[in-house]
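Bear in mind the structure is a predicted one, so any value in this text is a computation, not a measurement. Each chain gets a letter, A, B and so on, in the order its sequence line appears, and its residues count up from 1.
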There are 2 protein chains.
Amino acid sequence: MKTDSRIWHRPIGVIHSEHSAAEKTPIQPVYAKGCRGRAEIFPEFAGGLRDLEGFSHIYLIYHFHRAPEAKLIVKPFLQDVERGVFSTRAPCRPNPIGLSVVELVKMEGHILHVDGLDILDGTPLLDIKPYTEKFDLHDVKKNGWQDEVDETTARIRGKRGFRS
Amino acid sequence: MKTDSRIWHRPIGVIHSEHSAAEKTPIQPVYAKGCRGRAEIFPEFAGGLRDLEGFSHIYLIYHFHRAPEAKLIVKPFLQDVERGVFSTRAPCRPNPIGLSVVELVKMEGHILHVDGLDILDGTPLLDIKPYTEKFDLHDVKKNGWQDEVDETTARIRGKRGFRS
């Protein structure tokens, strides 16, 4: 395998949110409670949404289409200390793939209404997966540098001015 | 945005596991406890691994390089009932992107030793993110069709013959 191998993906839909400015967008769904929006799935993929409404939480996997150029060392939003990019959720990654777990509020045809949106308006959606008790709750023992960030600081920095 | 827009990604590394046959590979990390392996990051991206060792769990995002052709309706491994693909974690997705939360056991340079590997040997790795208490533990209320699958059945089907 070579690092110049290319793997192609295509949008399966688009995310509509109230976040138009990157610097004012909450950095994680946990800091975006009350922030609602929609994931609109293109009609050709709508058949794959069957049975999804039964899940309270879903993963959205998307393309950070407005990410700055990739960097290997970044300052995460939560802390003014330089960290390796893979130890952060920063957008400027070698592959700018975003991952958010949002609450699925309602489905109307090929439109998913969600809460906890920390994603910029117009973001191309790549995949949806269910987030479930059986698969996704892990017994975390160490949170790396995040253990140095107290919850109050995290909430203030995480919301980045978002009102809720 | 058009559905024929193309977004390209490149491997940042490769996953080495003991799973060479798809039909014998556990379907999720929770059914692959004791299954160790390595994620080898290509040297050009190794600088981004700084600070990662402090986290007990990490997301691996990868390319399902041996996935069958995409389908919108699939039978999930846990149940003999047809479901919309986005309500499952099946590999044959419109964008064959895989997501696993594994335990990070040890780092040696650009090699990550992990436990809970449910990934085929030779799989191209696209991204690594920390899985943390602050960001990734959500209050699941409904698990859709998975709520119909009892834990014993899930464990037997999930392991697919894997010994642990």
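- Counting heavy atoms from C-beta on, the side chains of B/Ile12 and A/Phe86 come closer than 4.5 Å.
- Under the 4.5 Å side-chain heavy-atom criterion for Ile, Leu, Val, Met, Phe, Trp and Tyr, A/Ile111 and A/Val14 are members of distinct hydrophobic clusters.
- Closest non-hydrogen pair, A/Lys134 versus B/Gln146, comes out as NZ-O, 3.3 Å.
- For A/Leu49, the parts sitting under 4.5 Å from any heavy atom of chain B are the backbone and the side chain alike.
- With contacts defined as side-chain heavy-atom distances shorter than 4.5 Å, the pair B/Trp145/A/Thr132 does not qualify.
- For the residue pair A/Pro11 and B/Ser5, the shortest heavy atom distance occurs at CD-O, 3.4 Å.
- Of the atoms belonging to B/Glu53, it is backbone heavy atoms, and not side-chain ones, that fall under 4.5 Å from chain A.
- Only the side chain of A/Leu78 comes within less than 4.5 Å of a heavy atom of chain B; its backbone N, CA, C and O stay farther away.
- Linking ILVMFWY residues whenever their side-chain heavy atoms come closer than 4.5 Å, directly or via other members, leaves A/Tyr59 and A/Leu125 in distinct clusters.
- In terms of heavy-atom pairs under 4.5 angstrom with chain A, the leader among B/Gly158, B/Ala46, B/Gly47 is B/Gly47.
- In this structure, the separation between OG on B/Ser87 and CG on A/Leu52 is 6.5 Å, given to the nearest 0.5 Å.
- In plain terms, the two heavy atoms of B/Asn95 and A/Leu126 that are nearest each other are ND2-O, 2.8 Å.
- Only the side chain of B/Gln28 has a heavy atom closer than 4.5 Å to any heavy atom of chain A.
- For B/Asp139, the part lying near chain A is the backbone, with the side chain staying farther off; criterion is any non-hydrogen pair under 4.5 Å.
- Each of A/His9, A/Glu44, A/Arg10 was compared with B/Pro94 under the side chain to side chain contact (heavy atoms under 4.5 Å, CB included) criterion, and only A/Arg10 meets it.
- Here the side chains of A/Asn143 and B/Tyr131 are not in contact, with every heavy-atom distance at 4.5 Å or above.
- One hydrophobic cluster holds both B/Phe45 and B/Met107 under the rule that ILVMFWY side chains link at heavy-atom gaps under 4.5 Å.
- Among B/His65, B/His63, B/His138, the residue with the largest count of heavy-atom pairs under 4.5 Å with chain A is B/His138.
- Only the side chain of B/Arg93 comes within contact range of chain A, judged by heavy atoms closer than 4.5 Å.
- Annotation: maximal heavy-atom pairing with chain B below 4.5 Å, among A/Ile41, A/Val101, A/Val30, A/Val149, occurs at A/Val101.
- Linking Ile, Leu, Val, Met, Phe, Trp and Tyr residues whenever their side-chain heavy atoms come within less than 4.5 Å leaves A/Tyr62 and B/Ile97 in two separate clusters.
- Other residues, nucleotides and ligands contribute over 12 non-hydrogen atoms within 6.0 Å of the NZ atom of A/Lys142.
- Of all the listed residues (A/Ala154, A/Gly84, A/Pro96), the one sharing the greatest number of non-hydrogen pairs under 4.5 Å with chain B is A/Gly84.
- Within the 4.5 Å cutoff, the side chain of B/Pro130 has heavy atoms near those of the A/Arg89 side chain.
- Here the side chain of B/Arg50 pairs a donor or acceptor atom with the backbone of A/Glu82 at under 3.5 angstrom.
- Only the backbone of B/Thr88 has a heavy atom closer than 4.5 Å to any heavy atom of chain A.
- When A/Gly54, A/Gly48, A/Pro29, A/Gly116 are compared by the number of non-hydrogen pairs under 4.5 Å with chain B, A/Gly48 comes out ahead.
- For chain B, the nearby part of A/Ile27 is the side chain; its heavy atoms alone come within less than 4.5 Å.
- Counting heavy-atom pairs under 4.5 Å between each of B/Val140, B/Ile73, B/Val85, B/Ile61 and chain A puts B/Val140 at the top.
- Using a 4.5 Å heavy-atom threshold, the side chains of A/Ile7 and B/Trp8 count as separate.
- The cluster map of Ile, Leu, Val, Met, Phe, Trp and Tyr, joined by side-chain heavy atoms under 4.5 Å apart, puts A/Val102 and A/Leu112 in the same cluster.
- Proximity to chain A (any heavy atom under 4.5 Å) is shown, for B/Leu99, by both the backbone and the side chain.
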